[in-house]
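Residue numbers start at 1 and run along the sequence shown. When a ligand or atom number is given, it counts from 1 through the structure's own listing order.
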Amino acid sequence: MLTPIREVIKIFILTGAGISAESGLGTFRDKDGLWSRFDPMKLATPEAFAHNPDEVHAFYNMRRQNLLSAEPNAAHRALARLESGLAERGGSLFLCTQNIDDLHERAGSQRVFHMHGELLKARCTACGETMPWQEDLSVEAPCPSCRRSGGLRPHVVWFGEMPLEIDGIYDALLEADLFVAIGTSGSVYPAAGFVSEARGHGIRTCEINLEPSDNARQFDDRRYGPASEAVPAWVE
Ligand SMILES: CC(C)NC(=O)[C@H](Cc1c[nH]c2ccccc12)NC(=O)[C@H](CCCC/N=C(/NCCC(=O)O)S[C@H]1O[C@H](COP(=O)(O)OP(=O)(O)OC[C@H]2O[C@@H](n3cnc4c(N)ncnc43)[C@H](O)[C@@H]2O)[C@@H](O)[C@H]1O)NC(=O)OCc1ccccc1
């Protein structure tokens, strides 16, 4: 029986592409997902960017344009309500997402930890500056801070790169009363290892997904269905 929210103080939620699927952003590994049409090793690695920056920019420019015309859905809005609801009761929600979209923030979530970066930010590999970026990126685009060209890249974490804020994320995970994974296949590390880390520390675990993920057996509780229905039902 799923732990009723009213008894839980600290909740750690990990979201993945599945929570944004019904907002039209597609997922990675589903049959018509991004990786069925694009090769991640040719587009989402530092080597790919060094070798063919134009192709990598075109890929992320396409996703950025899609994002700018997308809207949060009922699952994003339910988590924003949960955040304020828990805070009112002296509890807390730690919302960690693998998603590079800004739909959690646009739904009203105040604190969102993007462990794989943000599509609406660019980073200069010459001066290290990170800045908001809504336009298409290109190798010609000069860095607004150091004025050098050729150094701007999407502020996202590629395969083989260290996730962002990982120490703070692990600390919050181990302080939680409940770990909930929403809309993720559990196929990419270190995020895919969070459930076993939580179990190892006696933290209750729950999966909310369209179908069983690669780690489904590791979860104490499981709820299956479209996020826009399953998440509000769980929060209410
Ligand atoms: C392929 C995999 C085996 N490779 C890795 O895991 C690698 C290597 C690796 C490290 N440790 C390992 C251990 C074992 C094996 C390999 C490794 N990991 C790394 O390189 C990571 C960096 C990986 C980050 C790569 N960047 C992404 N994204 C950003 C860019 C971009 O977006 O382009 S990964 C990307 O795929 C990942 C998985 O995607 P999901 O979000 O889960 O989406 P997916 O499509 O797979 O699944 C969707 C799910 O939703 C469900 N769904 C669909 N529709 C709905 C719906 N409507 N409602 C509800 N659910 C729904 C579906 O059923 C499905 O289950 C996400 O993280 C996502 O961000 N870096 C690192 O490890 O650094 C060192 C380190 C080690 C320890 C501690 C610190 C550092």
Side-chain angles (χ1 to χ4, degrees), residues 13-49 55-64 66-67 70 72-76 78-79 96-104 113-121 123 137 153-171 173 180-197 206-216 219 222-234:
I13 293 183
L14 173 71
T15 63
I19 199 169
S20 297
E22 294 160 84
S23 294
L25 293 186
T27 64
F28 294 90
R29 286 169 185 74
D30 289 321
K31 63 182 172 354
D32 56 357
L34 275 173
W35 299 152
S36 68
R37 290 175 282 139
F38 301 95
D39 178 348
M41 292 309 124
K42 283 211 180 61
L43 293 165
T45 65
E47 296 76 20
F49 185 64
E55 194 181 355
V56 172
H57 280 313
F59 175 64
Y60 286 98
N61 289 345
M62 175 265 295
R63 292 173 64 188
R64 191 178 298 104
N66 287 349
L67 173 55
N73 63 59
H76 297 105
L79 295 186
C96 173
T97 187
Q98 300 166 86
N99 300 343
I100 60 178
D101 65 55
D102 66 336
L103 298 182
H104 283 303
F113 294 83
H114 289 268
M115 70 182 294
H116 291 163
E118 299 174 68
L119 191 50
L120 298 182
K121 288 183 179 173
R123 185 168 81 241
L137 261 175
R153 58 165 281 178
H155 182 52
V156 300
V157 176
W158 286 323
F159 289 98
E161 295 185 321
M162 180 69 89
L164 306 177
E165 307 180 79
I166 196 69
D167 297 338
I169 288 170
Y170 272 122
D171 293 348
L173 177 64
V180 184
I182 301 175
T184 185
S185 60
S187 55
V188 171
Y189 290 79
F194 288 178
V195 61
S196 57
E197 196 74 24
C206 166
E207 163 171 273
I208 302 178
N209 216 46
L210 192 62
E211 67 215 351
S213 71
D214 299 5
N215 303 325
F219 288 90
R222 290 175 282 279
R223 284 191 169 208
Y224 297 118
S228 67
E229 294 163 20
V231 176
W234 171 62

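Nearest heavy-atom pair, Ala216 versus Glu207, reported as atom, atom and distance to 0.1 Å: CB-OE2, 3.5 Å.
Protein residues with any heavy atom under 4.0 Å from ligand 1: Gly16, Ala17, Gly18, Ala21, Glu22, Thr27, Phe28, Arg29, Asp30, Tyr60, Arg63, Gln98, Ile100, His116, Val157, Trp158, Phe159, Gly160, Glu161, Met162, Pro163, Gly183, Thr184, Ser185, Ser187, Val188, Tyr189, Pro190, Asn209, Leu210, Glu211, Gly225, Pro226, Ala227.
In summary, the side chains of Arg64 and Asn61 do present a donor paired with an acceptor at a separation below 3.5 Å, with no hydrogens or angles considered. Asp101 and Ser20 are linked by a side-chain donor-acceptor pair at a separation below 3.5 angstrom, with hydrogens and angles left out of the test.
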**Request:** Evaluate the side-chain contact (heavy atoms from CB on, under 4.5 Å) criterion for residues Glu22 and Leu210: first the C-alpha distance (whole Å), next the side-chain angles of each, then the deciding distance (0.1 Å), finally the verdict.
**Result:** CA-CA 11 Å; Glu22 294 160 84; Leu210 192 62; over 6 Å; no
Cut-off 3.5 Å, no hydrogens considered: what does the side-chain donor-acceptor table look like for residues 183-191, sequence neighbours left out?
residue : atom : partner : partner atom : Å
Thr184  : OG1  : Gln98   : NE2          : 2.9
Ser185  : OG   : Ser187  : OG           : 2.7
Ser187  : OG   : Arg29   : NE           : 3.2

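The side chain to side chain contact (heavy atoms under 4.5 Å, CB included) with Ile208 is formed by just one residue from the set Ile13, Ile19, Val180; it is Val180.
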